[in-house]
Amino acid sequence: MAGRSGRGENTAAQRRSALLAWYRAQARDLPWRVSPGARAAGVRADPYRVWLSEIMLQQTTVQAVKGYFDTFTARWPTVGALAAAPRDDVLAAWAGLGYYARARNLHACAEVVARDHGGRFPDTVEGLQALPGIGPYTARAVAAIAFDRPVVPMDGNVERVMARLHAVETPLPAAKPELARLADAFEGGEDPGDIAQALMDLGATVCTPRAPACVLCPLREGCAAAARGIAADLPRKAPKAAKPRRFGIAFWVTRADGAVLVRRRPDEGLLGGMVEFPSTPWGDEMPGLQAARAHAPVDAAGGWVLVPGRVAHVFTHFALELAVARPRCAAGARLPEGAFWAHPRDFGALALPTVMRKVARLALDEAG
DNA sequence: TAGTCGTGGCA
DNA sequence: TTGCCAAGACT
C-alpha cells in the first residue's frame, strides 16, 4: 500500500492540509483563542490563558466555561496574580464549575509557576506535566498551542475522530494506545497548535458523539467509518456500572440575624475544600430524624422538623437525595468546632458547590 | 487498573 | 425520567 493515494485514501499530509483549511475557514471565536489570522500575523497565545482554559475545559463544555474564564482573567490577569490570591477566593470563584480538585490544583500550579519558574510556564511537555493538575492531555495541549511543540493532545474529541477515521472497533478505554498511535500521523507538520485545535473543533462541531455531520467533514474522504456507515456507532465503549443512590439529612441552623451555620469540608475527596451545610453521613437509605440527631451540629432542645421537599443531585458515580432539617425552636448559639456563620446574602462569595446551593434554595424558599 | 471526582444539557 | 455526554487528573 505504500505510496498509494487513490480514491478513499489520503496521505497524512493531505489530511493535515484539509483539516487546517477547514479550521482556518470556519473561524470559531473563543475567548482564549488567538484566531488563525492573528496567529499568522505573529500574535502569540498567552500560555497563562491557554493553560487556564484547558484546565477549565477538562470534562466541561465550552458553554459552561466561557463565563468562568472571563471572570478569572478579569480578576487575575496573570499567573502571578492568581498565585497571590487567597485559595478560598479561587475556590469560591470556581464554585459551580465542578471537579473541585481542578481549582485546588490550579492555585497550587500557579504558586509553583510563580515561585519556581519566575512566572513563566515551562515550554516542554515534560516540564508542563510535572506541574499540579497538568496531565498528559493538558501538557500536550499547552505545549502545542502556546509553544508550537509538534505534539497532538489526546482528548475525547481526538480519540473519537481517530476511531472513526480508521474504523477502530476496540472499545474504550482499551483502544486508547491504538488511537494515540493513529493520531501520530497528524504530528510533525507546521502549526501544531492549529492542528491540535482543529482536531478538537472537528470533534466538537462535526465529528460529534451523536449524529456526526459527515457531509461537512474535511476528512470524509478516507474516513473508514463513514464509508461503512458506522460513524455514529464509534467509538465503542465498555459498559458502565449503574449509579448507586445515597441519602442524607442536611441541618439548616440559623441565627437571629439570619446567618446560617456552615463548615468547610476536608481537603481530600468529594467536594474537597468546599463549604457545606452540616449533614448526616450519606448512606444507603434515608435516616430517621432520631438517628440523624446524633450527627446534628447543635443541640436543638425542641427537636428537629423536616423542611418540605427534597434536594436531588447527581454526582459522577452516585445520585444523592437530601432532606433538610431545621430546629423546631431557636437553637443554642454555641458554635461547633470547625463551623462558622454565613449570611445568605454572602453565599455568592462562598465556595458553596451546586448541591449545597440547592439545599439553601429549598430552605430559603420555605422561609419565604 | 479501576475508582474517584461535578455539573448542566440533551435525546 | 433516565442515561449519556463534555478539551482528564489523580490515586
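Any value given below was found using the heavy atoms of this structure, including those in side chains, with hydrogens, waters and symmetry copies removed. Residue numbering restarts at 1 for every chain, and letters A, B, ... go by the order of the sequence lines.
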- Item | Integer-rounded Å distance: dT1(B) C1' and K176(A) NZ | 13 Å
- Query: In whole Å, what is the span from the CD atom of Q59(A) to the P atom of dG3(B)?
  - Reply: 17 Å
- Task: Let me know the distance between OH of Y137(A) and C1' of dG8(C), rounded to the nearest Å.
- Result: 9 Å
- Query: Quick one: do the Q197(A) and R33(A) side chains pair a donor with an acceptor below 3.5 Å?
  - Reply: yes
- Determine the Euclidean distance between corresponding C1' atoms of dT1(B) and dA6(C); express it in Å to zero decimal places. 24 Å
- Message: Please determine whether a side-chain nitrogen or oxygen atom of H313(A) lies at a distance below 4.0 Å from atom OP1 or OP2 of dG6(B).
- Response: no
- Rounded to whole Å, the CZ-P distance (R246(A) to dT4(B)) equals 8 Å
- Message: Of the options dG8(B), dA6(C), dG6(B), whose atoms approach the side-chain atoms of R102(A) most closely?
- Response: dG6(B)
- Message: Using a 4.0 Å heavy-atom cut-off, does K358(A) contact any base of the nucleic acid, only the sugar-phosphate backbone, or nothing at all?
- Response: nothing
- Item | Presence of salt bridge, E268(A) and R104(A), under 4.0 angstrom | no
- Query: So what does P173(A) touch, heavy atoms closer than 4.0 Å: a base, only the sugar-phosphate, or nothing?
  - Reply: nothing
- Item | Selected nucleotide, minimal atom distance to P209(A) side chain, candidates dG6(B), dC5(C), dA9(C) | dC5(C)
- Base, sugar-phosphate alone, or nothing: which one does V65(A) contact when heavy atoms must sit under 4.0 Å apart? nothing
- Message: Rounded to whole Å, please give me the gap between CZ in R140(A) and P in dA9(C).
- Response: 11 Å
- Minimum-distance nucleotide (side-chain atoms of L270(A) versus dC10(C), dT4(B), dG6(B)): dG6(B)
- Task: Please say which of E54(A), Q129(A), Q58(A) ends up in a side chain to side chain donor-acceptor pair (under 3.5 Å) with Y137(A).
- Result: E54(A)
- Say whether Q14(A) and T11(A), considering side chains only, have a donor N or O and an acceptor N or O under 3.5 Å apart. yes
- Out of dA9(C), dC5(C), dG6(B), minimum distance to the side chain of K240(A) belongs to dC5(C)
- For I55(A), report the nucleic acid contact type (base, sugar-phosphate, nothing); a contact means any heavy atom under 4.0 Å. nothing
- Task: Would you mind checking if R246(A) and D284(A) are paired as a salt bridge, meaning a charged N to carboxylate O distance below 4.0 Å?
- Result: no
- Going by the angle between their ring planes, with limits at 30° and 60°, are W51(A) and F121(A) parallel, tilted or perpendicular? tilted
- Sugar-phosphate, base or nothing in reach of L30(A), heavy atoms under 4.0 Å: base
- Could you give the CD-to-P distance, from E268(A) to dT11(C), as a whole number of Å? 8 Å
- Message: Taking 4.0 Å as the cut-off, does a side-chain nitrogen or oxygen of T61(A) come that near to OP1 or OP2 on dG8(B)?
- Response: no
- Item | No-H, no-angle donor-acceptor pair, T316(A) side chain to dG6(B) base, under 3.5 Å | yes
- Note on the structure: Taking for R210(A) and for T60(A) the nucleotide of DNA chain B with the nearest heavy atom, the one nearer the 5' end belongs to T60(A)
- If you find the nucleotide of DNA chain C closest to V62(A) and the one closest to P132(A), which residue's nucleotide is nearer the 5' end? V62(A)
- Task: Decide yes or no for L271(A) and F315(A): does some side-chain heavy atom of the first lie under 4.5 Å from some side-chain heavy atom of the second?
- Result: yes
- On DNA chain C, more 5' by nearest nucleotide between Q129(A) and S53(A) is S53(A)
- What nucleic acid atoms does R357(A) come within less than 4.0 Å of, heavy atoms only: base, sugar-phosphate, or nothing? nothing
- Message: Expressed as a whole number of angstroms, how long is the span from E159(A):CD to dG8(C):P?
- Response: 9 Å
- Query: Has Y99(A) got a side-chain N or O lying under 4.0 Å from the OP1 or OP2 atom of dC10(C)?
  - Reply: no
- So what does R28(A) hit on the nucleic acid, given a heavy-atom distance under 4.0 Å: a base, only sugar-phosphate, or nothing? base
- N or O in side chain of R104(A) less than 4.0 angstrom from dC5(B) OP1/OP2: no
- Message: Between G269(A) and A64(A), which residue's closest nucleotide on DNA chain B lies nearer the 5′ terminus?
- Response: G269(A)
- Query: If you measure from the P atom in dG6(B) to the same atom in dT11(C), how many Å do you get, rounded?
  - Reply: 14 Å
- Nearest to the side chain of H317(A), which nucleotide is it out of dA9(C), dA6(C), dT4(B)? dT4(B)
- Please state how far atom CG in L91(A) lies from atom C1' in dG6(B), giving the value in whole angstrom units. 14 Å
- Task: Pick base, sugar-phosphate or nothing for W32(A), based on heavy-atom distances below 4.0 Å to the nucleic acid.
- Result: base
- Query: What is the nucleic acid contact for G96(A), judged by heavy atoms within less than 4.0 Å: base, sugar-phosphate only, or nothing?
  - Reply: sugar-phosphate
